[in-house]
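For reference, the structure discussed in these notes is given below.
Starting from 1, each residue takes its place in the sequence as its number.
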Amino acid sequence: MPEGFLPFGDFRTWYRVVGDSEAAGWLPLLVLHGGPGSAHDALEGLAALAGQGRRVVFYDQLGSGESDRPDDPSLWTVETFVDQLRSVREALGLGEIHLFGSSWGGMLALEYALTQPEGLASLVLNSTPTSAPRWAEETKKLAAGLDEQEFRRRHIIRLDPEPEVLGRARKKFGKQVYETMWGPNEFTVTGTLKDWDVIGRLGEIRVPTLITSGRHDECTPKLVQPLHRGIARSEWVIFEDSAHMAYLEEPERYLQVVDRFLENVEARRAAGLERDSESGTAT
């Protein structure tokens, strides 16, 4: 399991690759964690997809996790993290890829996809906002009358006790990144992302896209619908017993859904077929 550090300008990016190579016609999965300022740990379960004949690549974004953590708020921009993503692909020689992003990681995946990079075969977007102002409006309604711990238990992770990986990630949290880009908590958006909105540009994304969210998610159906409507080649799966972290709350089904999607994309590519441009339906 190769892991170590990759150069990124004056800094270092921590990474880990699970799996040795791809089966014929299959592609690696590159994973973008949430936050901003979290770490890869909560998504480690996706490594099980490597057992099906593909590499799964994790890295920690600058300012958090095991990557370098410069004390420089001017670095915490969307452009920094798009550049870091590019640098990881280049350093690891990742040609064609599937790209997975959860929450803020999904926002980053959208921003990257909008640059029309070569070799992007598909997107998997878990609980991904398309508009920070809409997110703030919707989550404030959810948070009404709840303290932060109650909000977390209802709308972020419904497991009690929480999985060990979340405690591990919390110890590596990049508070400066989170507060600079987002704000003091999930439902108060005061940082540099406060006006972020890509709804009007989603039609530019033309790769097959799987959208996942939880029935009890802080990223409510009202927030996910513009994403599903905006990306013509998308399907949307709702996990009925999950909040914001279906990959932890319903891990077996989550892996099955993602694996099926990736294999379908690869099968159609191998057959030289284009996916239907019509949207999928929520299940």
Side-chain angles (χ1 to χ4, degrees), residues 1 16-34 40-58 96-103 105-106 109 113 120-128 155-160 162-166 169 207-221 224-225 227-228 231 233-271 273 275-276 278-283:
M1 185 185 298
R16 173 181 292 153
V17 180
V18 182
D20 298 322
S21 60
E22 278 69 54
W26 291 22
L27 303 174
L29 177 68
L30 179 58
V31 179
L32 306 178
H33 65 70
H40 79 284
D41 303 70
L43 295 166
E44 284 180 348
L46 296 176
L49 294 167
Q52 305 302 316
R54 75 177 77 254
R55 286 172 294 166
V56 179
V57 181
F58 301 94
E96 292 185 297
I97 60 165
H98 302 290
L99 186 60
F100 177 101
S102 183
S103 197
L120 182 61
S122 78
L123 293 172
V124 181
L125 304 172
N126 179 69
S127 301
T128 296
H155 301 297
I156 298 180
I157 180 102
R158 288 159 55 83
L159 300 178
D160 190 10
E162 289 186 358
E164 176 271 337
V165 290
L166 293 183
V207 298
T209 300
L210 171 65
I211 300 164
T212 63
S213 64
R215 179 62 67 188
H216 309 279
D217 208 327
E218 62 177 339
C219 191
T220 64
V224 178
Q225 283 168 357
L227 183 63
H228 180 45
I231 301 178
R233 302 168 72 176
S234 70
E235 61 178 283
W236 178 15
V237 178
I238 297 174
F239 289 79
E240 297 294 337
D241 296 322
S242 295
H244 197 55
M245 299 182 178
Y247 49 86
L248 292 176
E249 296 166 281
E250 298 179 62
E252 184 175 345
R253 182 173 176 237
Y254 198 86
L255 289 171
Q256 290 172 347
V257 168
V258 174
D259 186 49
R260 171 194 57 79
F261 171 76
L262 300 182
E263 289 192 12
N264 285 346
V265 170
E266 289 157 348
R268 295 186 69 85
R269 287 168 63 85
L273 299 174
R275 278 174 55 99
D276 240 335
E278 295 179 358
S279 301
T281 55
T283 61

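Between L46 and V18, the closest side-chain pair of non-hydrogen atoms is not below 4.5 Å. Side-chain contact check for F100 versus L43: some heavy-atom pair is nearer than 4.5 Å. Between C219 and V224 the shortest side-chain heavy-atom distance falls below 4.5 Å. The closest side-chain heavy-atom distance from V258 to L49 is below 4.5 Å. Taking 4.5 Å as the limit, every side-chain heavy atom of V31 sits out of range of all side-chain heavy atoms of V57. With contacts defined as side-chain heavy-atom distances shorter than 4.5 Å, the pair H98/P28 does not qualify. Counting heavy atoms from C-beta on, the side chains of R158 and S242 never come closer than 4.5 Å.
Classification of the F239-Y254 ring pair by plane angle, with boundaries at 30° and 60°, yields tilted.
When atom types are taken as modelled, the side chain of R54 and the backbone of L27 share a donor-acceptor pair closer than 3.5 angstrom. Distance alone, capped at 3.5 Å, places no donor-acceptor pair between the N264 side chain and the F261 backbone. Formation of a donor-acceptor pair under 3.5 Å by the E249 side chain with backbone atoms of A243 is found in this model. E250 places a side-chain N or O within donor-acceptor distance of the main-chain N or O of D241, the cut-off being under 3.5 Å.
Shown here for G214 and I238, the closest heavy-atom pair between the two residues is C-CG2, 4.2 Å. Across all non-hydrogen atoms, the minimal contact from A48 to L255 is CB-CD1, 3.8 Å. Nearest heavy-atom pair across G101 and T128 is O-OG1, 3.9 Å. Here the closest heavy-atom approach between residue P163 and residue L159 is recorded as CG-CD1, 3.8 Å. Taking each heavy atom of L120 and A113 in turn, the nearest pair found is CD2-CB, 3.8 Å. Closest of all the heavy-atom pairs between L248 and A42 is CD2-O, 3.6 Å.
Taking NE2 from H40 and OG from S102, the interatomic distance works out to 14.0 Å, rounded to the nearest 0.5 Å. Here the straight-line distance linking atom CG of N126 with atom CG of L210 works out to 9.0 Å at 0.5 Å rounding. Rounding to the nearest 0.5 Å places CH2 of W236 at 9.0 Å from CG of L227. Remark: R233 CZ to T209 OG1 distance equals 8.5 Å, nearest 0.5 Å. For the atom pair D20 CG and R55 CZ, the distance stands at 9.5 Å (nearest 0.5 Å). Summarising the geometry, atom NE2 belonging to H216 is positioned 7.0 Å from atom CD belonging to E240; distances are rounded to the nearest 0.5 Å.
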After noting the C-alpha distance and the side-chain angles of T212 and L125, does the key distance pass the side chain to side chain contact (heavy atoms under 4.5 Å, CB included) rule? CA-CA 6 Å; T212 63; L125 304 172; over 6 Å; no
Yes or no on side chain to side chain contact (heavy atoms under 4.5 Å, CB included) for D217 and I156, after CA distance, side-chain angles and deciding distance? CA-CA 6 Å; D217 208 327; I156 298 180; over 6 Å; no
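For H228 and E235, the side-chain atoms include no donor-acceptor pair closer than 3.5 Å.
No more than 12 heavy atoms of other residues, nucleotides or ligands sit less than 6.0 Å from atom CD of E252.
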